[in-house]
Amino acid sequence: MPHPTEQAAHHPTNAQQHHPIATSTSIGQRQATPHHRKQISIPLLSLPLRPSTLSALLRSGFATSGDVMHSCRAMMMSGDNGENVAVSAGADDANNSNQSNGQNERHDDNATSQFGDFATELGCSVSQAADYAHELNDALHSVGLPSVSSDRSEHNNHSATTVNETPITPSSSSHHAQTAASILRSTHSSSSSTQQHRNIVSFSHPLDSLLGGGIPLSELTELVGLPGCGKTQLAMQLCVDARLPRKNGGVEGCSVVVDSEGSWTGVHGGERLWTMAKSLVEHVRNSAGRRMEARRARAADFGGGAVDEELVPAWFTPESILEGIHIFRVHDEPSQTCTLYSLPQFLMEQEEKGHPVKLLVIDSLAFHYRVANTSTSSNNNGGGGGSNNNRNNSLSNTHNLTRMSTFLTELASEFDMAVVALNHLTTKIEKDENGNSTTKLVPALGESWAHSVTSRLMIDHYHRVNNGSTLPIEMEEARVCTLVKSPHKPPGTALFAITNKGIRGVPSQALRQNQGIEAKRQKII
């Protein structure tokens, strides 16, 4: 079988241009309109704003685009009754000879009704606040996010009533409480209207059972473990499995990978994805062939007609799987942050093409943050004020990670996809009751990040499988995956092995339960 070019997996903008499924409209998805993206807000620091504009907004307490949106919306809501607008309109009707002046007055009233509160908070004129808002709109448009207010052209061409209706505002859930019953009904209706399968399978039955079917959509899941434990291997398997057709138990979507460590964009990364894709297609077609033979046998026994249903789509090939994996290589923390915050535009373009993204993998989120902290600490140690600088850097990273986690959670919910973030382990030094120093391994990025993720999976190093086991030799070393945090699943443990074909499940009875177990395992808390 010919080997595909690596451009299919490494160049997101060129992927899937000739994909056979490009004309399919069966993929459950929403229209990629700005109205559907209104809940996503990002830090102002990540937007291409002028320094003077950014400084004015930050000094007044505006940290995200959502803060500006709320301010503009608050004034617009108070002006919905249209009292000031009515006065201006009445003046225009009473003096038809000054129609042009009346139009200018209405425009000024429109700007005041929309940006008056925003200008008050900024401590500037209404026209200056409007300029800030328009600049922010342009920056948001560049990354595919909705405006905080109506565009400048809408101010010039629409009446006051129309202007008050056009801006995109935060969802009503941010202002009004929802009942648990309404949330449940909304979730069920959304699931039934889009697609049947709500999880990305891992091809490890114990792990899928632990998670209730696989990695869930619309959630932020974290994979934590020591180097070499299998985090990247599991993430690669998930990217391949995300292309699984719906009729075969998959979500039939594309994947986006933000590669910070270079594990995906190297030669070996492409080779590994190709091997997993071939194994997946072979497994699915063999399984479909067995089902087809069984159906034909039953039809022959009962005198039925011929069974010619296609159980596997013709487009499902190793090449098409790799074409659906879009990899972005980032080399430092700023490029990683900018790439993530600019993803909404790319995701909407994929939806418009009929290739919705169902999985986002960040491998790894902690890498550049930890490298940046190490270099900053080294520079501070050479001069005075190092402890204060380190403390400020820590607080800044905490704020950035909190905003990032909020953004990723909103992204997962808004685009109905799974977000999987890989994380490292770090050593934490503590004092025991006697004052002695003790160490333990904890996930990096701190407790604020830990509270932000929906589910956390801890992957441990392998156990040696019992010599009396009948498992293949390649499964003799099993990884232990522990679900340590989940809002809807109980804690538990699952076993999987890294084989030549990819991730496969290992039955729990295959491991030694008594003494004599050989393990490369460290205590992780």
J.: For A235 and V361, which heavy atoms make the closest approach, and how far apart are they?
T.: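 That would be CB-CG1, 3.9 Å.
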
J.: Is a side-chain N or O of S413 found less than 3.5 angstrom from the main chain of T409, in a donor-acceptor match?
T.: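 Answer holds: no.
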
J.: Does R329 have any side-chain hydrogen bond (donor to acceptor under 3.5 Å, both in side chains) partners at least two apart in sequence or in another chain, and if so, which?
T.: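 Partners of R329 by the side-chain hydrogen bond (donor to acceptor under 3.5 Å, both in side chains) criterion come out as none, since no residue qualifies.
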
J.: Verify whether one side chain among E219 and H488 offers a donor that lies under 3.5 Å from an acceptor in the other.
T.: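 Side-chain D/A pair, E219 to H488: present.
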
J.: Does either side chain, that of R272 or that of Q233, offer a donor lying less than 3.5 Å from an acceptor on the other one?
T.: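 There is such a pair (donor and acceptor under 3.5 Å, judged by atom type) between the side chains of R272 and Q233.
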
J.: Whether the side chain of S263 engages the backbone of D259 through a donor-acceptor N/O pair (distance < 3.5 Å, no angle test) should be reported.
T.: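 No, because the side chain of S263 does not come within donor-acceptor range (under 3.5 Å) of the backbone of D259.
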
J.: Of all residues at least two apart in sequence or in a different chain, which pass the side-chain hydrogen bond (donor to acceptor under 3.5 Å, both in side chains) check with T120?
T.: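 Testing T120 for side-chain hydrogen bond (donor to acceptor under 3.5 Å, both in side chains), a comparison that skips the adjacent residues, returns none.
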
J.: Would you say the side-chain atoms of Q237 and D241 include a donor-acceptor pair closer than 3.5 Å?
T.: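 Result is yes, a qualifying pair exists.
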
J.: Determine, stepwise, if the pair V420 / I215 fulfils side-chain contact (heavy atoms from CB on, under 4.5 Å).
T.: CA-CA 9 Å; V420 177; I215 301 296; 3.9 Å; yes

J.: Using side-chain hydrogen bond (donor to acceptor under 3.5 Å, both in side chains) as the criterion, list what pairs up with T402, not counting sequence neighbours.
T.: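 Counting only residues at least two positions away or on another chain, T402 forms no side-chain hydrogen bond (donor to acceptor under 3.5 Å, both in side chains).
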
J.: Just by modelled atom types, is the L226 backbone N or O under 3.5 Å from a matching donor or acceptor in the K231 side chain?
T.: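 Confirmed, K231 side chain pairs with L226 backbone.
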
J.: If we ignore hydrogens and angles and just use 3.5 Å, is the side chain of T339 paired with the main-chain N or O of S335 as donor and acceptor?
T.: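 Checked: pair present.
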
J.: Is it true that S364 and H424 share a donor-acceptor pair across their side chains at a distance under 3.5 Å?
T.: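 There is such a pair (donor and acceptor under 3.5 Å, judged by atom type) between the side chains of H424 and S364.
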
J.: For F346 and F415, I'd like to know if the aromatic rings sit close, meaning centre-to-centre distance below 6.0 Å.
T.: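 When the ring centroids of F346 and F415 are compared, they turn out to be at least 6.0 Å apart.
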
J.: Going by the rule ring-ring contact (aromatic ring centres under 6.0 Å, His included), which residues pair with H283 if we only count those two or more places apart in sequence or in a different chain?
T.: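 By the ring-ring contact (aromatic ring centres under 6.0 Å, His included) rule, H283 matches F203.
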
J.: Can you tell me if S60 uses its side chain to pair, donor with acceptor, with the backbone of L57 under 3.5 Å?
T.: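 Absent.
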
J.: If only atom types and distance count, is the side chain of K358 paired as donor or acceptor with the main-chain N or O of E252 below 3.5 Å?
T.: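 Looks like no, no N/O pair under 3.5 Å.
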
J.: Are C239 and V257 close enough that some pair of their side-chain heavy atoms sits under 4.5 Å apart?
T.: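 The answer is yes; the side chains approach within 4.5 Å.
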
J.: Using only atom types and a distance under 3.5 Å, with no angle test, would you say the side chain of D208 pairs donor to acceptor with the backbone of S202?
T.: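 Judged by distance alone, yes, a pair lies under 3.5 Å.
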
J.: Test of understanding: with side-chain hydrogen bond (donor to acceptor under 3.5 Å, both in side chains), list the residues that count as partners of E222, not counting sequence neighbours.
T.: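 E222: side-chain hydrogen bond (donor to acceptor under 3.5 Å, both in side chains) contacts with N423, W449, R456.
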
J.: Would E135 and R50 count as a salt bridge (charged side-chain N to carboxylate O under 4.0 Å, His left out) here? Give the steps.
T.: CA-CA 9 Å; E135 182 180 349; R50 292 180 300 170; 3.1 Å; yes

J.: If we count only N and O atoms by modelled type, under 3.5 Å, do the side chains of E333 and T337 hold a donor and an acceptor together?
T.: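 Present: a donor and an acceptor within the cut-off.
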
J.: Would you say the side-chain atoms of D67 pair up with the backbone N or O of F62, donor to acceptor, closer than 3.5 Å?
T.: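 Not confirmed, D67 side chain does not pair with F62 backbone.
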
J.: Going by ring-ring contact (aromatic ring centres under 6.0 Å, His included), name the residues that satisfy it together with F496, two or more places apart in sequence or in a different chain.
T.: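 With sequence neighbours excluded, F496 shows a ring-ring contact (aromatic ring centres under 6.0 Å, His included) to no residue whatsoever.
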
J.: Distance alone, cut at 3.5 Å: any donor-acceptor contact between the side chains of S71 and E121?
T.: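 The answer is yes; a qualifying pair exists.
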
